[in-house]
Each structure stands twice: as C-alpha cells, then as structure tokens.
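One structure is given below, encoded as structure tokens.
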Amino acid sequence: MASVRSPTRLSLSLGTTLSSSRTSRAPAIILLRSAPRSLSLSIKPVRLNFKNPISASSASSAAAEMAGQCQKKVEKFQTAEEVAVRLAKYTADLSAKFVKERGAFTVALSGGSLIYALRKLTEAPYKDTVDWERWHVFWVDERVVKKDHPDSNYKLAFDVLLSKVLIPPGQVYAINDALSAEGAAEDYETCLKHLVQRNVIATSKASGFPKFDLILLGMGPDGHLASLFPGHPRCNEKTKWVTHIEDSPKPPPERITFTFPVINSAAYNAMVVAGDNKADAVQRALGNSQHPDTLPVQLLAAEDELTWFLDQGAASKL
C-alpha cells in the first residue's frame, strides 16, 4: 500500500496565498424528469452578507422542491464492476468537457465505496488520457481524524486514486486535521471562498454558492449522503458552505461536510449505490414510496444533471 503523503492543506484567510505539499453490458438508462431546474432558494452571492434567512423548515421544503424539479437520470447495471467501468467513462468525459470550457475540472469526493468505484480511472485508457494536471480535488465530507488514520476519506482516496495519477499536489485540497471539527469546517469554507474569488471554482448564477463541476457521492442504507444524516439539523443549514457535526450516528463522531446548498449547486452530481442493503433507501428516493419522512438523499439535486448509478442489488426494489 502506498504511504500517505501530506496533501495541500489550506489554512488561510481570504487574500493569502496557497501553500502546498503532497500529498460489456449497456446500462438501462431512465430519464426521471426533463423539466429545467428552478432554484427556489433565495440566497445572496458569496461576497454579500446573508440577510433575512429562510426558516429551517422552509430550507428543507425548498430543497425538496429543487430535488423534484432537477433533471435526473438512472443508470442500472448488473454488477458493481459494471458500475465502476461506466463511472470512469462518465467522469473522464466530464473532465474533458470542463477542461475545454473552463481550463480546469473541480471535483469533490465523498468516501466509502464511492472511492472504490473510481478505481477504473487509474487504468487504461484513462490514466494516460485524462488531463490530470487540470484537476482540482476536494472532499464533500471528511472525518476529523489524522490523514493517515484508517477512517480518513483522504487516505482512502489517496490509496485508491490520488497516488496513482498525476494531479499536482497543490490542487488536492484536504482539511486541516490539526483543528477541531468546527475550526476545520470554517477553515475549509474560507479556502473555498478564496478559490471562488480566484475563479478556480465557478459560482452558481442561480444560488450564489460555489458551483463544482462534479460532486461524486455515495449513500448509506439509512439514506444519508456526505455527512448529512436523517433527522440531523445540519440537513437544514442554508447559509454556510461547510458545516461540522460532533455527534455523527456513524463513527467517528466528528466530521465536516458540504451543506445542501453547495451540493445542489454543482453542475453535475453523481450518486453511486451498490448493494441490496441500500435498496429500500433507493426505492424511497426514486420509486413511488409514500413514506412520510424525507431522507437526506431525497433532497439531492444538481444545476445541470443528477445521475444515479445503481447495481442490480441497489435497484432491486425499483
């Protein structure tokens, strides 16, 4: 296993400089909705103060409405291996699109099985054809542990992907693991704002939040995504870009996470789910479930397109 090198750690206020050290079978495709996305959150741009915030319940309702209006696609595959093959092409194609349009590709990763699903990017043809030097890599959520800890999402991504491709060390943005959960979240948000000001990360014209080119997500059996868990008040956060939790129902308890306004402002969101233990949550998110409780994954949207990648087990109840 490759040793974990020190990544870029952004711990700075706006206006300071960045420091860096290193770090088959055709799927079934279903269009769930083709109506254009209509953003109902009323949020000021990043450089302005947020005034007259909407209530938490209104934030949740607005997110649910946004998710309902978002263009969604579902791609079903027989095996997790087929999901990985398709996901590599999907990601590489979006990388080429945004490098051509913007000169950069900003991608945010979650942890867990999602990272393993990206392993095909380290193989031919992608390892040698993707323009890795234009990638900027972020974490949509992270456990507040040291970077060499087994629970670290950074370590997992490093071992599976980052150590095997040629992304410049200064373009891999890990959290500052020397800070508390709250401090790490504030620090990461400050760094994102700095990168928005430098136009490394785009800004959503609809919401004023950062607009990542692609966010790659996984889902838990309980329907959580990133570190936004069912019933947790952080699901209703509407002004912060990055928030923290100290009481995660899954260990470790301390984490930082993007908020829904940031996640849903991404140009493209990909939800990657494998395993029949997640079929119930998938059915509630994509099927005709009338369950009264809303799962976090049901609030997921995207500015351009949300795509679900499912293996046979995950899709078994659709």
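Note that the structure is predicted; figures quoted are calculated from it, not measured.
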Kindly compute the distance separating CG (Leu228) from OG1 (Thr259), expressed to the nearest 0.5 Å. 7.5 Å

So, applying side chain to side chain contact (heavy atoms under 4.5 Å, CB included) with Asn269, which one of Leu214, Leu216, Leu217 is it? Leu217

Below 30° counts as parallel, above 60° as perpendicular, anything between as tilted: where do the rings of Phe138 and Tyr188 land? perpendicular

Give the minimum heavy-atom separation between Gly218 and Ser110, together with the two atoms involved. N-CB, 4.3 Å

With a 4.5 Å cut-off on side-chain heavy atoms, are Trp139 and Val172 touching? yes

Within this structure, what is the CG-CD distance for the pair Leu195 and Gln171, rounded to the nearest 0.5 Å? 10.0 Å

Check: Val297 and Val273 side chains under 4.5 Å, non-hydrogen atoms: no

Do Val165 and Leu114 share a hydrophobic cluster, counting only Ile, Leu, Val, Met, Phe, Trp and Tyr and linking them when any side-chain heavy atoms are less than 4.5 Å apart? yes

How far does CG of Asp148 sit from NZ of Lys155, to the nearest 0.5 angstrom? 8.0 Å

Does Lys317 have any side-chain hydrogen bond (donor to acceptor under 3.5 Å, both in side chains) partners at least two apart in sequence or in another chain, and if so, which? Asp280

Do the non-hydrogen side-chain atoms of Phe260 and Leu225 ever get within less than 4.5 Å of each other? yes

By side chain to side chain contact (heavy atoms under 4.5 Å, CB included), Pro210 pairs with (sequence neighbours left out) Val196, Ile201, Phe212, Trp241, Val262

Can any side-chain N or O of Thr257 pair as donor or acceptor with the backbone N or O of Thr243 at less than 3.5 Å? no

Could you tell me whether the side chain of Leu161 reaches within less than 4.5 Å of the side chain of Val137, counting heavy atoms only? no

Atom pair CG (Leu192) and OH (Tyr173), whose distance is rounded to the nearest 0.5 Å: 10.0 Å

Val140, Ile245: one ILVMFWY side-chain cluster at the under-4.5 Å cut-off? no

So, using side chain to side chain contact (heavy atoms under 4.5 Å, CB included) as the criterion, who are the partners of Lys97 when residues are at least two apart? Leu94, Glu101, Tyr268

Is there a side-chain contact between Leu318 and Lys76 (heavy atoms, below 4.5 Å)? yes

Hey, does Asp141 have a side-chain heavy atom less than 4.5 Å from the side chain of Phe258? no

Side chain to side chain contact (heavy atoms under 4.5 Å, CB included) filter on Lys100, not counting sequence neighbours, yields none

Strictly by salt bridge (Lys or Arg N to Asp or Glu O under 4.0 Å), give each pair with a member in residues 124-138 just once, sequence neighbours left out. Asp131-Arg134

Residue pairs involving residues 105-130 (criterion ring pair (Phe, Tyr, Trp, His ring centres under 6.0 Å); sequence neighbours excluded): Phe105-Trp135

Pro261 backbone acceptor or donor facing Ser265 side chain under 3.5 Å: yes

Residue pairs, two or more places apart or on separate chains, that pass salt bridge (Lys or Arg N to Asp or Glu O under 4.0 Å) and touch residues 260-276: none

Chi angles and distances behind the side-chain contact (heavy atoms from CB on, under 4.5 Å) call for Val282, Leu310: CA-CA 9 Å; Val282 170; Leu310 307 174; 3.9 Å; yes

Could you walk me through whether Val74 and Lys72 satisfy the side-chain contact (heavy atoms from CB on, under 4.5 Å) test, starting with their C-alpha distance in whole Å, then the side-chain angles of each, then the deciding distance to 0.1 Å, before giving a yes or no? CA-CA 7 Å; Val74 177; Lys72 301 177 185 177; 5.7 Å; no

Going through the distances and angles, do Lys250 and His224 end up as a side-chain contact (heavy atoms from CB on, under 4.5 Å)? CA-CA 11 Å; Lys250 287 183 59 180; His224 86 267; 3.8 Å; yes

Pairs flagged by salt bridge (Lys or Arg N to Asp or Glu O under 4.0 Å) wherever residues 208-219 is involved - sequence neighbours left out: Arg102-Asp213, Lys211-Glu303

Going by side-chain hydrogen bond (donor to acceptor under 3.5 Å, both in side chains), name the residues that satisfy it together with Asp311, two or more places apart in sequence or in a different chain. none

Hey, quick one: are Phe229 and Leu295 part of the same hydrophobic cluster, counting side-chain heavy atoms closer than 4.5 Å, chains of contacts allowed? no

Where is the tightest heavy-atom contact between Ile256 and Ala184, given as atom of each residue plus distance? CG2-CB, 4.0 Å

Do Glu237 and Thr239 come close enough that some side-chain heavy atom pair is under 4.5 Å? yes

Here the gap from Thr106 atom OG1 to Phe98 atom CZ, rounded to the nearest 0.5 Å, amounts to 7.5 Å

Measure across Glu142 and Asn153 and return the closest heavy-atom pair with its distance rounded to 0.1 Å. OE1-N, 2.8 Å

Minimum heavy-atom separation for Gln298 to Asp293, with atom names? OE1-O, 3.8 Å

Quick one: do Leu118 and Val160 satisfy side-chain contact (heavy atoms from CB on, under 4.5 Å)? Show the steps, please. CA-CA 8 Å; Leu118 293 172; Val160 174; 5.8 Å; no

List the residues meeting side-chain hydrogen bond (donor to acceptor under 3.5 Å, both in side chains) with Glu189, not counting sequence neighbours, and say none if there are none. Lys193

Closest heavy-atom pair, Ala267 versus Ala302, reported as atoms and distance to 0.1 Å, is O-CB, 3.9 Å

Quick check, are the ring centers of Tyr90 and Phe309 under 6.0 angstrom apart? yes

With a 4.5 Å limit on heavy-atom distance, are the side chains of Leu179 and Glu186 in contact? no

Scan residues 110-124 for pairs that pass salt bridge (Lys or Arg N to Asp or Glu O under 4.0 Å), counting only residues two or more places apart or in two chains. Glu81-Arg119, Glu81-Lys120, Lys120-Glu123

Using modelled atom types only, decide if a donor and an acceptor are shared between the side chain of Asn264 and the backbone of Leu299 within a distance under 3.5 Å. yes

If you take all heavy atoms of Arg143 and Arg255, which pair is closest and at what distance? NE-NH1, 3.7 Å

side-chain hydrogen bond (donor to acceptor under 3.5 Å, both in side chains) with Ser113: which residues, sequence neighbours excluded? none

Keeping Asp177 on the side-chain end and Lys147 on the backbone end, is there a donor-acceptor pair under 3.5 Å? yes

Point-to-point distance, once rounded to the nearest 0.5 Å, from CD of Glu182 to CG of Asp187: 12.5 Å

